[in-house]
Amino acid sequence: MTKQIIVPFGPQHPVLPEPIHIDLVLEDERVVDAIPSIGYIHRGFEKLVEKREFTEYVYIAERTCGICSFIHGATYCQGIEQIMNIDVPERAQYLRVIWSEFSRLHSHLLWLGLFADAFGFENLFMGAWKTREKVLDFMEETTGGRVIQGTSKVGGVRRDISSERLDRMTKDLDDLDREMKELTDVFLHDDSVRHRLRNVGTISRNDAYHLGAVGPTARGSGVAIDLRKSGYGAYDRLNVQVVTDSCGDCYSRCAVRAKELFTSTDLIRQAVKKIPEGPIDVKVTGAPDGEYFMRAEQPRGELVHYLKGNGSKFLVRSRIRTPTLTNIPPLIKMLQGCELADVPVIVLSIDPCISCTER
Amino acid sequence: MIFSGGSLVHILDLLGYLILFPLIAAIFLLFERRDSSRSLIVQLSAVAIGIVSLLLLVLGYNRDTLLYAVGSEQVGQVMFFIELLMVAFILYLAVKHRKTLAAVLVLLQAGLLVWFETSLSHGLHVANNLFVDQFSIIMALIIGIIGTLICVYAVGYMETYHTRHPEVRDRRNIFFAILFLFLAAMFGLVFSNNLLWVFFFWEITTLCSFLLIGYSETEEATNNSFLALVMNLLGGLAFLAALIWLVLSDPSGRLLDLNYLLTTGKALALVPAVLICFAGITKAALMPFSSWLVGAMVAPTPVSALLHSSTMVKAGVYIIVKFAPVLSGTTEGLMIALVGGMTFALASFMAISQNNAKKVLAYSTIANLGLIVACAGVGTYNLMWVAILLIIFHAIAKSLLFLCVGTVENRIGSRNIEDMGGLIVRMPRIAIMMFIGMAGMFLAPFGMVISKWAAIEAFIQAPFGLIFIAILAFGGSATVFFWSKWMGKIISVMREQEVLEDTVKKEKWVVLWILTGLVVVVCLIFPVISWVLIEPFVLNIYGQTAGLAQANLTIMIMMLCLLMIMPLSMLFYRKGPHVPATPYMGGRPMDGNMHFAGSLGNSREVVLSNYYLEKMFGEERLFMIGTSMCWGLLLIAGIMLVGVML
Amino acid sequence: MIPAEFQPIVYALVYILVAPLLGGLIAGIDRKVTARMQGRVGPPILQPFYDVGKLFEKENPVVTVTQNFYVLSYLVFMVVAGALFFSGGDMLLVIFAFTLSHIFIVLGAYASYSPYSHVGAERELLQIIAYEPMIIMTAVGMYMVTKSFFVSTIVSSAVPIILYLPGVFIGYLIVLTIKLRKSPFDLSTSHHAHQEIVKGVTTDFAGPNLGKIEIAHWYEYVFLLGVIWLFFAWNPLVAVAAIVVAYFLEILIDNTFSRVKWQLMLRSAWIIAGTLGLVNLGVLYYLGMVVMP
Amino acid sequence: MTYLAKSPWIVHYNASSCNGCDIEILAALTPVFDVERFGIINTGNPKHADILLCTGSVNEQNKVPLKNVYDQMPEPKVVIAIGICAATGGIFRECYNVQGGIDKVIPVDVFVPGCAARPESIIDGVVTALGILEKKRAAMLQKGSAEGTKAGETV
Amino acid sequence: MVYFEMVKTALKTVLSKPATILYPVQAAKKTPISRGHVVQDGSKCISCSICVKKCPAQAIVLDKEAKTWQINRFRCVVCNSCVDTCPAKCLSMDTQYTAPATVKGIETFTITYVKPAKPEKKEEPKT
Amino acid sequence: MTMDKQTITAIEVGKLIGSVERFRNEGYRLVQIGCTKVGDLYEINYCFDKDYHLDVVRIAIPAETEVPSISGMYWNAFIYENEMHDLFGIQVRGMNIDFKGTLIRTAEKFPFSKPPVTVTKGGKP
Ligand code: NFV
Ligand code: SF4
Ligand code: SF4
Ligand code: SF4
């Protein structure tokens with residue numbers, strides 16, 4: 001008989017906010033086999049395009065996920081706009097950038113907290129979430145919703161941010177930056193954290209690229225994919241810095257996200273500076289006919305909304321390929337040969353979002 | 001000649017009886033092939049031997065060392081002759097199995113023996129060939145009670161063994177004959193005052209163990225038996241060297257009188273002491289030689305029980321403890337103690353990485369022998385006390401564990417600890433016995449912990465004691481680890497398992513219950529044992545003696561009682577309706593068959609194994625470290641010894 | 001005054017009665033301070049008592065009835081160990097009783113066939129072997145200074161033990177982190193839920209059983225902090241201050257470290273015992289600084 | 001008031017929520033809302049919990065674990081459905097793989113509406129649940145004494 | 001080696017005021033545009049059904065016969081879509097979120113609007 | 001704002017492996033595999049990316065046709081192929097990791113192979 005322990009890891013597990021299941025096969029605490037299974041959150045709402053008009057589907061697209069909600073909505077809208085050749089007003093595009101980046105801040109801070117929790121640093125979790133509340137406060141103040149913003153619409157955005165609010169933004173961002181600096185310093189420099197992250201779940205640059213890793217998961221291995229560089233929306237007018245780190249371990253992925261917090265605040269500053277006055281939406285008439293693979297950069301990486309319409313109010317197909325889905329194969333590679341204590345850390349290091357993944 | 005104050009029985013008769021009676025039983029058993037009468041002979045002999053050893057206790061406990069002049073030139077000659085026969089026999093087997101090293105060693109030994117006999121033995125005269133003191137009474141009790149109990153158990157065991165292993169040639173008559181021969185040799189060893197006699201019996205145990213280990217005649221068994229042989233022969237050579245040295249220093253042979261040697265003082269005794277301790281180290285399977293004991297686990301379990309709890313290895317530590325006063329305070333003694341200490345720590349560590357139950361027991365044995373030797377090597381009076389305590393507790397608990405494992409192995413067909421999951425359901429009584437046996441090995445307030453505790457208190461007053469305290473602290477914690485995880489395995493409750501226990505034979509139960517009872521009772525009455533047997537012995541040698549503080553004893557006995565009444569709380573919980581909850585499985589429910597729906601559409605079984613921490617406590621790595629360090633220590637001792645000799 | 005021969009019994013009784021109150025209070029303060037360190041308000045100070053009260057109001061589901069026995073034994077022997085300590089008993093015996101008590105909780109965790117409590121049990125064992133050497137060395141150190149293993153003698157010694165055993169003290173504080181189940185060494189179970197093995201050892205205990213475990217922890221806290229007292233026993237005021245500072249340090253460390261893996265825990269605990277502990281003792285030993293009480 | 005109401009421990013299960021409600025539950029634990037003020041601890045283990053906070057709707061695959069988590073909680077226990085998904089299936093009600101709110105599988109005591117439910121709302125929900133918890137305990141005791149056993153107070 | 005990176009923060013935090021809002025003693029966090037729950041002004045509703053159509057969650061049922069406007073708050077995703085699209089501006093978003101309940105009820109508003117003589121034209125919503 | 005046009009190349013099933021191999025050799029990464037039911041046919045899009053340029057090859061097959069797995073070239077393809085199987089019922093030959101229909105378990109099998117629903121508006125609350 002082998003000296004193995006088989007652990008049904010999840011679906012209910014305190015370290016996983018979302019249900020996934022992994023058959024963990026351990027020897028002592030070393031993972032010799034880790035086979036994930038998903039499907040607990042599959043709702044099948046892609047098929048709802050057949051029941052909801054393409055304009056109302058935004059509300060559903062937004063609820064793909066409560067963490068990266070805004071970008072889902074915006075990406076969906078941008079996809080439709082591409083098919084229908086709608087020119088979205090400048091201001092709306094900038095607003096989308098601002099909310100997108102706040103969304104990224106919220107997501108990354110949330111992740112930093114959960115990640116800290118996964119390696120048993122409760123105080124850091126609390127700290128990250130405390131800071132995150134500031135971001136949510138801003139969200140609520142400008143959109144009316146804390147986590148589901150609901151300001152996307154085909155042809156623009158549903159709400160404007162007053163110029164006074166935008167003026168106050170710089171100071172807010174400075175405060176935020178300071179707080180985040182204190183936080184990320186711990187993540188990046190504390191040796192007890194480093195001990196848990198360095199050389200854990202390493203994936204090489206080559207593997208990361210060919211296994212389809214995206215977002216910070218890829219960038220942590222030195223693969224500089226960042227869809228914002230492709231310049232959708234207003235991003236082509238902003239200076240997007242792509243953060244990469246070369247080691248490919250959990251520490252690198254953490255470092256990428258930690259540093260991206262500051263690129264996000266930087267982008268918001270740029271956007272606030274450049275945002276023009278003007279209308280925030282255009283009237284949409286007709287219905288989409290055609291198809292488009294709309295890609296955008298989510299906090300977790302490249303998101304693809306494939307939309308296909310046939311000229312009716314109802315789309316033929318919406319297919320959402322989320323960053324987590326494509327980060328799962330690299331995750332399987334990362335888990336090989338790690339320790340049980342590393343499992344939550346590695347799993348969280350790709351920042352999994354199952355709700356996105358399974359739709 | 002000393003008569004036992006007016007009583008009808010002469011102690012000398014008891015000694016003779018104890019040595020010779022098993023021999024006679026052995027001869028009967030050799031020619032008895034029927035199961036029933038074999039069983040009868042074994043049981044009757046066991047009872048007889050047991051009673052006589054108790055009698056010895058009753059008559060002899062309150063006396064000083066008693067010396068007896070028995071035997072004569074002729075006995076010596078007979079012994080020499082038998083030794084030559086043994087040499088020839090071993091040589092034959094060594095040639096047959098192409099074991100060059102064994103052949104070389106045995107030839108060397110034969111050469112030395114012949115030389116000794118022809119040129120040195122003239123004019124040797126040892127007045128008192130036999131003796132008895134409290135320590136040998138303790139040893140006799142261990143051999144006479146535990147040893148024979150194991151033999152009784154072996155009858156049933158071997159029956160099952162042969163049905164389970166039809167490929168093994170049924171040579172049970174020889175097997176049992178050897179077992180009893182072994183007992184005879186052990187009695188001889190602990191009662192002999194003449195070192196030539198001690199050597200003779202020493203060699204017989206070597207031979208017997210060699211034969212027993214190789215019983216199944218598989219290649220592995222043969223190889224391991226030769227491994228044991230080679231190492232023991234090496235020890236035998238050292239022993240012989242000691243004898244030669246003694247005779248050369250005093251051709252009258254007076255120094256061969258053990259009692260005389262020990263009382264004449266260190267100057268003369270140190271060299272032979274170290275040589276004999278080296279022999280003891282090989283026999284007790286301490287570090288550089290530990291592999292033979294581990295290898296010996298291929299033998300049928302009663303053999304392991306006999307060899308590793310109450311006899312063979314105990315002969316090794318017995319002789320070292322005997323020489324403890326000589327070693328005390330010497331650098332050589334310290335080296336030997338360090339060998340023991342290293343062995344204790346490393347063997348405890350290695351036990352962590354084993355999942356073979358017998359190997360765990362083997363390493364635990366090695367560890368405990370190491371501890372005994374560490375105590376003896378430092379050799380202060382209170383450590384001597386501890387060492388003897390350890391010998392007693394270890395013998396009882398370990399034999400119980402070996403026999404339990406044997407029983408389990410016979411039922412479930414595996415000696416892998418991982419297969420013992422849920423034993424508490426499948427074989428509840430055996431599980432409880434194992435539980436008590438293990439508790440005896442590492443839990444307060446049972447025997448081994450009492451000894452460990454006493455050892456700490458004793459070491460702290462001894463020179464260089466800090467090293468040993470550190471060793472005890474680290475090694476001791478490792479002990480906790482491997483015993484507890486095994487315990488945990490036994491009691492983890494899986495559902496839907498059949499009870500396998502009903503088929504266990506009655507006489508086995510009797511043996512097991514007696515041993516279990518002994519583990520507990522000896523704990524309870526150990527103050528008496530200490531007071532009656534150990535303390536006088538130590539007092540006799542050192543002029544002072546040790547013991548645990550009265551307050552502590554009371555508390556320990558209270559704890560033991562508490563521990564025994566705790567299970568009664570179960571009665572309370574059993575009443576009332578009880579629907580068992582399901583274990584937590586992360587939300588994936590498990591069916592009664594321990595399966596849950598896994599990934600990839602598979603159904604998986606929940607499997608739980610203990611940790612083995614191979615990276616840290618792997619056998620190979622630690623063995624390498626231990627062997628080289630212990631060789632180093634022995635080398636230092638050797639060099640110093642040469643210095644002394646010159 | 002109480003007659004001398006009854007003193008141990010009285011002290012033991014006082015411990016048995018007062019320790020849970022004190023322990024619960026300590027746990028409550030701990031939680032409050034932790035909360036404040038995290039920028040939260042935190043629970044009421046008496047929260048641990050509410051929790052345990054609550055647990056006794058719940059059903060007691062067990063996978064196997066034997067779990068009840070193990071938990072009860074855990075509690076009982078924890079009390080025994082502590083009572084022995086406070087009645088002035090032999091430190092080594094106290095340590096052995098303490099280990100015995102922990103073996104029971106480990107067995108309780110093994111008894112249910114859940115992988116989570118199983119892993120928790122294995123880790124608990126690892127923790128035991130990690131801290132035990134250091135604890136034994138603490139006792140040995142006290143002996144070397146006061147020439148006695150008896151707490152009663154140690155405590156009445158006029159020698160400021162801490163001055164002789166600074167290394168041992170620091171070593172003790174570090175393994176105390178393991179014992180208090182605080183980060184970075186909260187491997188087998190922890191006060192917070194989020195970790196790879198859920199609740200580890202206590203995963204499959206619920207209701208009253210969990211309550212008993214909690215009470216046992218309280219007894220344990222008081223005992224462990226009592227050991228700190230010994231280092232400063234020559235001056236009770238300093239001793240109290242030392243305990244407060246030490247405990248605050250533990251909370252601070254809990255809040256400023258991530259959880260380590262078992263390898264590092266074992267290694268660091270052993271290295272600490274081997275360096276801080278042994279070196280300290282060795283120095284004492286060889287400099288002949290041994291002072292009679 | 002019994003101790004139950006002073007120390008409600010929660011376990012959280014995400015049935016098929018979009019995370020919106022989950023992160024709000026987590027947010028309720030964090031400094032700004034800090035539900036530990038009420039003695040609430042996120043135990044992460046159904047066996048230690050008194051309150052099940054469930055988000056999201058049930059589907060084919062998650063109803064088994066959901067039921068399992070519920071079953072493993074010791075009595076008295078209450079279930080709070082957080083968010084409209086958990087109440088009715090919410091906006092995904094008509095999806096082919098959504099079978100409805102969690103009351104399809106386990107009894108639900110309190111529904112907290114919202115999409116996503118706000119942390120304050122979740123706190124309100126828990127407060128509502130406390131009353132129910134006490135009632136359940138009373139009922140349990142009554143039932144227990146009726147049967148002549150001391151269920152739940154096995155010493 | 002950098003340990004205790006967090007110590008400074010922790011000590012600072014322990015000495016400063018907690019970030020906690022003492023809800024329910026203190027009021028909940030809210031902004032003027034927080035989306036709490038939808039309220040309907042029956043006196044203005046023209047029963048045009050646009051809200052029903054535009055509601056992604058199908059939370060609204062309009063019964064023209066019975067003159068009731070019902071909303072199922074356990075379906076409503078509080079998206080503001082109905083409010084945005086209602087031509088009569090009779091819907092508004094209150095910042096107070098819906099209270100938890102032990103049963104899933106449906107809230108009914110009665111439509112008291114009486115069509116004035118001059119018919120009104122349906123309008124597309126303004127942004 | 002108009003973004004770069006995406007190249008969609010329709011090919012036959014038989015050519016699939018060949019053209020995927022070409023992408024692999026040219027250092028493209030696999031972005032996704034997605035399926036759409038159009039009438040009775042299933043369109044399967046294989047999307048590849050290099051330097052933010054999206055290249056799509058498309059095959060259109062009837063339900064019965066088995067598709068070869070590209071997991072030999074792109075190890076990560078299994079996740080999409082399993083998904084495609086579970087949601088559309090498309091048989092994929094030779095996947096490196098086969099979840100046997102359990103990646104996404106649905107009450108109703110192959111939901112996306114069902115014809116589009118006819119829209120009814122305004123359910124009862
Ligand atoms: N970032 C993100 Fe999503 C998306 N799309 C993804 O996996 O979080 Ni819920
Ligand atoms: S109620 Fe809304 S926010 Fe909550 S899970 Fe459902 S969709 Fe997400
Ligand atoms: S707020 Fe949104 S979901 Fe709620 S009733 Fe209005 S349209 Fe429907
Ligand atoms: S859209 Fe406004 S006016 Fe029309 S039915 Fe709804 S509430 Fe009434």
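Numbered from 1 within each chain, the chains take letters A, B, ... in sequence-line order.
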Open item on the list: Below 30° counts as parallel, above 60° as perpendicular, anything between as tilted: where do the rings of C/W262 and B/Y611 land?
Closed with: tilted
Residue pair [X] / [Y]: nearest heavy atoms and the distance that separates them:
X      : Y      : value
C/I129 : B/A478 : CG2-N, 4.3 Å
B/A470 : C/L278 : CB-CD1, 3.7 Å
B/L608 : C/P115 : CD2-CA, 3.5 Å
C/G274 : B/F474 : N-CZ, 4.1 Å
C/E122 : B/F481 : O-CE1, 3.9 Å

Which atom pairs, one a donor and one an acceptor, fall under 3.5 Å between side chains of residues 72-89 of chain C and the rest of the protein, sequence neighbours left out?
from: C/S73; atom 1: OG; to: C/F69; atom 2: O; distance (Å): 2.8
from: C/S87; atom 1: OG; to: C/A83; atom 2: O; distance (Å): 3.0
from: C/S87; atom 1: OG; to: C/L84; atom 2: O; distance (Å): 3.0

Task: For chain B, the option from C/L126, C/I95, C/T99 that forms the most heavy-atom pairs under 4.5 Å - done: C/L126
Task: Most contacts with chain B, counted as non-hydrogen pairs under 4.5 angstrom, among C/E132, C/R123, C/M134 - done: C/E132
I'd like to verify something: which residue of [options] has the highest number of heavy-atom pairs under 4.5 Å with chain C?
options                        : value
B/K489, B/M559, B/K452         : B/M559
B/I467, B/L466, B/I490, B/I352 : B/L466
B/P445, B/G465, B/A473         : B/A473

- [ ] Indicate yes or no: at least one non-hydrogen side-chain atom of B/S477 is less than 4.5 angstrom from one of C/I128.
- [x] no
For [X], which atoms come within 4.5 Å of any heavy atom of chain B: side chain, backbone, both, or neither?
X      : answer
C/F104 : side chain
C/I136 : side chain
C/A97  : both
C/Q263 : both
C/Y131 : neither
C/I135 : neither

Task: Positions in residues 435-442 of chain B that reach chain C, provided some heavy atom is under 4.5 Å away - done: B/F435, B/F442
Task: N/O donor-acceptor pair under 3.5 Å between C/D204 side chain and B/Y584 backbone - done: yes
- [ ] Please say whether more than 12 non-hydrogen atoms of neighbouring residues, nucleotides or ligands are located less than 6.0 Å from CE in B/M629.
- [x] no
- [ ] Evaluate side chain to side chain contact (heavy atoms under 4.5 Å, CB included) for B/V480 paired with C/I103, printing each intermediate quantity in order.
- [x] CA-CA 9 Å; B/V480 172; C/I103 298 300; 3.6 Å; yes
Open item on the list: Counting only non-hydrogen atoms closer than 4.5 Å, does B/I469 touch chain C with its backbone (N, CA, C, O), its side chain (CB onward), both, or neither?
Closed with: side chain
Task: B/M558 portion near chain C, given a 4.5 angstrom heavy-atom threshold - done: neither
Open item on the list: Run C/Y110 and B/N610 through side chain to side chain contact (heavy atoms under 4.5 Å, CB included) and show every step you take.
Closed with: CA-CA 10 Å; C/Y110 274 123; B/N610 286 139; 3.7 Å; yes
TODO: Would you give the length of the straight line joining atom OG1 of C/T64 to atom CD1 of B/I491, rounded to the nearest 0.5 angstrom?
DONE: 8.0 Å
Task: From B/S484 atom OG to C/H102 atom NE2, the distance as rounded to the nearest 0.5 Å - done: 12.0 Å
Task: Derivation of the side chain to side chain contact (heavy atoms under 4.5 Å, CB included) call for C/R267 and B/M616 - done: CA-CA 10 Å; C/R267 248 182 242 134; B/M616 255 186 217; 3.7 Å; yes
TODO: List in chain and number order the residues that pass side chain to side chain donor-acceptor pair (under 3.5 Å) with C/S114, two or more places apart in sequence or in another chain; answer none if no residue qualifies.
DONE: none
TODO: Just do the side chain to side chain contact (heavy atoms under 4.5 Å, CB included) check on C/V106 and B/M487 with the steps written out, would you?
DONE: CA-CA 10 Å; C/V106 169; B/M487 267 188 168; over 6 Å; no
Just list the side-chain donor-acceptor pairs under 3.5 Å for residues 456-464 of chain B, sequence neighbours left out, or say none.
from: B/E457; atom 1: OE2; to: B/W453; atom 2: NE1; distance (Å): 3.1
from: B/Q461; atom 1: OE1; to: B/N382; atom 2: ND2; distance (Å): 3.1
from: B/Q461; atom 1: NE2; to: C/Y143; atom 2: OH; distance (Å): 3.1

